[in-house]
Amino acid sequence: MATTDINVPIQEAATTASTKLRLGSLTALVIGSMVGSGVFSLPQNMAAGAGPLAILIGWTVTAVGMLALVFVYQSLAVRRPDLDAGPYAYAKAGFGPFIGFNSAWGYWISAWVGNVSYAVIVFSALSYFFPAFGDGNTWQAVLGASILLWIIHFLVLAGIRQAAIVNTFVTVAKIAPVVLFVGVVAVAFKLNVWSLDFTGLANASLGSIATQVKSTLLVTLWVFIGIEGASVFSARAERRKDIATATVLGFFTCLALYALVSLLSLGILSQPELAALKNPSMAGVLEAVIGPWGAVLINLALVVSVVGAFLSWTLLAAEIPHVAGKDGTMPKFFGNESERGVPSTSLLITNLLVQGFLVITLFAQSTYQALFYIASAAILVPYIFSGAFAAKLALTGESYESGERRSGPLIAGVLATIYGLWLVYAAGPAYLFMCAILYAPGIIFYVWARREANQRAFHPVEAIIAVALVAVAILAVYEMWTGAVSAL
């Protein structure tokens, strides 16, 4: 495998037996990263804003957009084997160090804030059995979540490969109940229930078909985050071609499960009934088919699933700033490793931030909830630039042989970029404002890293972008202070 100078240290670490990941582990990382709490709430989340027709259209549009992104990562993993850490490396190679830094920063924020939600959701689900945990933000829940956080921390410290093997078993354990749900609900499916108000237009609160479709796309964005999981660990893959295979396998597995869960549920309960369910709404659907023990099963499955997602995203959250610290895009201390090749400093900083936000949930749950949704939108930045990089390579012919066809990668890159940009637009100005608040502090760390490398901090265009980012962040803070933006 060809490497560049900046990737030699991480590649050397990746050659040890403790860090080699095979196809099964890489596929489990992709599936484990995507399948968390979202799938268990899909029936209610989708039905809350759409009828069966709009949900079908939504899954079709999502399949096209996300498949384009899958092809982007599949192509780039093979075409640019010298680039590791997936979306961050692609953004940097295609559009410079400042854009690369922001992709790494945004991905990292999305990952660790998402982990806060996973820790809270685990104990919210356990409150079905132990009411003291409440909505996952009581002191008992925060204590339990903190213990879970540091158990996972030390599991990862034991070695990336060992953690990935555990993740593989957890992924199988959490997929099994979802497959069982699909099988049971498919048998109980009633076409007359599914076709009742097929367009959703009889319910004025849902709006037009276009409005309904838009609501589904915002839901499907969250459940597919993690599709890049294998690319992030490209430096640790035993075989480079396994990255592309793992990404495709993970995507189609999750697409099939997600679509079946949401669509088959509409054949058990009507759209208004699904929309009124408490989450995890899969529990309510299964309870309607087989009785109360169905709800027990789903709540237990949710706990296993989210713990698995927590582990997957701990691995991902630590890897991105670690690689960025290795090549100088982030401060050097992020690049420190343990004797086992684990990104120990990055892991510790990440989990300390998670711990801090867990404490915040005791006092300001609304703030945490807003940051959770903002973080899910923040990950669109590395997605967009991954698609744009693939399109750029196809347009310029870089990394292509003479006469090699470039139309397929070009179409995939353009579609992935447009899809990402549309989702940013669909998120709305309030979320964009608050994403700026999360991105702006990163400029300090970017300048820090550039000074460590004795390099110029900004080129003119980058300086304009940085100033604009800070200005938008200041405006967002002002809008929040005056109450004009209330999402926090």
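Quick note: numbers below take in every heavy atom, side chains included, and nothing from hydrogens, waters or symmetry partners.
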How long is the span from the CG atom in L423 to the NZ atom in K214, to the nearest 0.5 Å? 10.5 Å
Do I151 and I147 have side chains that approach each other closer than 4.5 Å (heavy atoms only, starting at C-beta)? yes
Six-ring centre of Y90, R80 cation under 6.0 angstrom, axis tolerance 45°: no
Answer with yes or no whether the side chains of E273 and S270 bring together a donor and an acceptor at under 3.5 Å. yes
Looking at side-chain heavy atoms only, is the closest gap between F71 and P409 below 4.5 Å? no
Check against side-chain contact (heavy atoms from CB on, under 4.5 Å), F129 and L300: CA-CA 10 Å; F129 310 100; L300 289 174; 3.8 Å; yes
Over all heavy atoms of both residues, which pair between V72 and S386 is shortest? Give the atoms and the distance, please. CG1-O, 3.5 Å
L297: which residues meet the side-chain contact (heavy atoms from CB on, under 4.5 Å) condition with it, sequence neighbours left out? L180, L286, W293
Decide whether T216 and W59 meet the rule of one side-chain donor and one side-chain acceptor closer than 3.5 Å. no
Report the residues that fulfil side-chain contact (heavy atoms from CB on, under 4.5 Å) with N203, sequence neighbours left out, ordered by chain and then residue number. D197, S205, L206, Q271
Taking A141's backbone N and O only, do any of them form a donor-acceptor pair with T138's side chain (distance below 3.5 Å, no angle check)? yes
Closest non-hydrogen contact found for F40 with I298 is CD2-CG2, 3.8 Å
Under 3.5 Å: donor-acceptor pair, side chain of S346, backbone of P343: no
How far does CG of N45 sit from CG of L277, to the nearest 0.5 angstrom? 11.0 Å
Could you tell me which non-hydrogen atom of Y439 sits nearest to which non-hydrogen atom of N102, and how far apart they are? CE2-O, 3.1 Å
Take W139 and L143, measure what side-chain contact (heavy atoms from CB on, under 4.5 Å) needs, and give me the verdict at the end. CA-CA 6 Å; W139 72 264; L143 176 60; 4.2 Å; yes
Please round to the nearest 0.5 Å and tell me the distance separating atom CD of E319 and atom OG1 of T350. 11.0 Å
Where the side chain of T62 meets the backbone of G58, is there a donor-acceptor pair that is under 3.5 Å apart? yes
If you round to the nearest 0.5 Å, how far is CG of L266 from CE of M46? 9.0 Å
Please assess Y107 against V381 for the test side-chain contact (heavy atoms from CB on, under 4.5 Å), listing each intermediate value before the final yes or no. CA-CA 8 Å; Y107 194 99; V381 171; over 6 Å; no
Please determine whether the number of non-hydrogen atoms from other residues, nucleotides or ligands lying under 6.0 Å from atom CZ of F130 exceeds 12. no
Please examine the side chains of F385 and T417, heavy atoms only from C-beta on, and report whether any two atoms are closer than 4.5 Å. no
What I'd like to find out is whether the side chain of F95 reaches to under 4.5 Å of the side chain of S103, using heavy atoms alone. no
I'd like to know if the side chain of S110 and the backbone of G106 have a donor-acceptor N/O pair within less than 3.5 Å. no
When you compare the side chain of F252 with that of L67, does any pair of heavy atoms fall below 4.5 Å? yes
Here the gap from I384 atom CD1 to L69 atom CG, rounded to the nearest 0.5 Å, amounts to 10.5 Å
Here the pair of heavy atoms bringing S41 nearest to S281 is O-OG, 3.3 Å
Beyond-backbone contact of R405 with Y400, side-chain heavy atoms, under 4.5 angstrom: no
Side chains of L149 and Q355: closer than 4.5 Å at any heavy-atom pair? yes
Aromatic plane relationship, W105 with W108 - under 30° parallel, 30 to 60° tilted, over 60° perpendicular: perpendicular
Taking the six-membered ring for Trp, is the centroid-to-centroid distance between Y258 and F224 below 6.0 Å? yes
Any idea which heavy atoms bring V193 and L269 closest together, and the distance? CG1-C, 3.8 Å
Quick one: CZ on F198 to CD1 on I55, what's the gap to the nearest 0.5 Å? 10.0 Å
S262 (side chain) donor-acceptor with P43 (main chain) under 3.5 angstrom: no
Determine whether V261 and M282 make a side-chain contact, defined as any pair of heavy atoms from C-beta on separated by less than 4.5 Å. yes
What closest approach, in Å, do F181 and S265 show between heavy atoms, and which atom pair accounts for it? CZ-OG, 3.6 Å
Keeping K92 on the side-chain end and I99 on the backbone end, is there a donor-acceptor pair under 3.5 Å? no
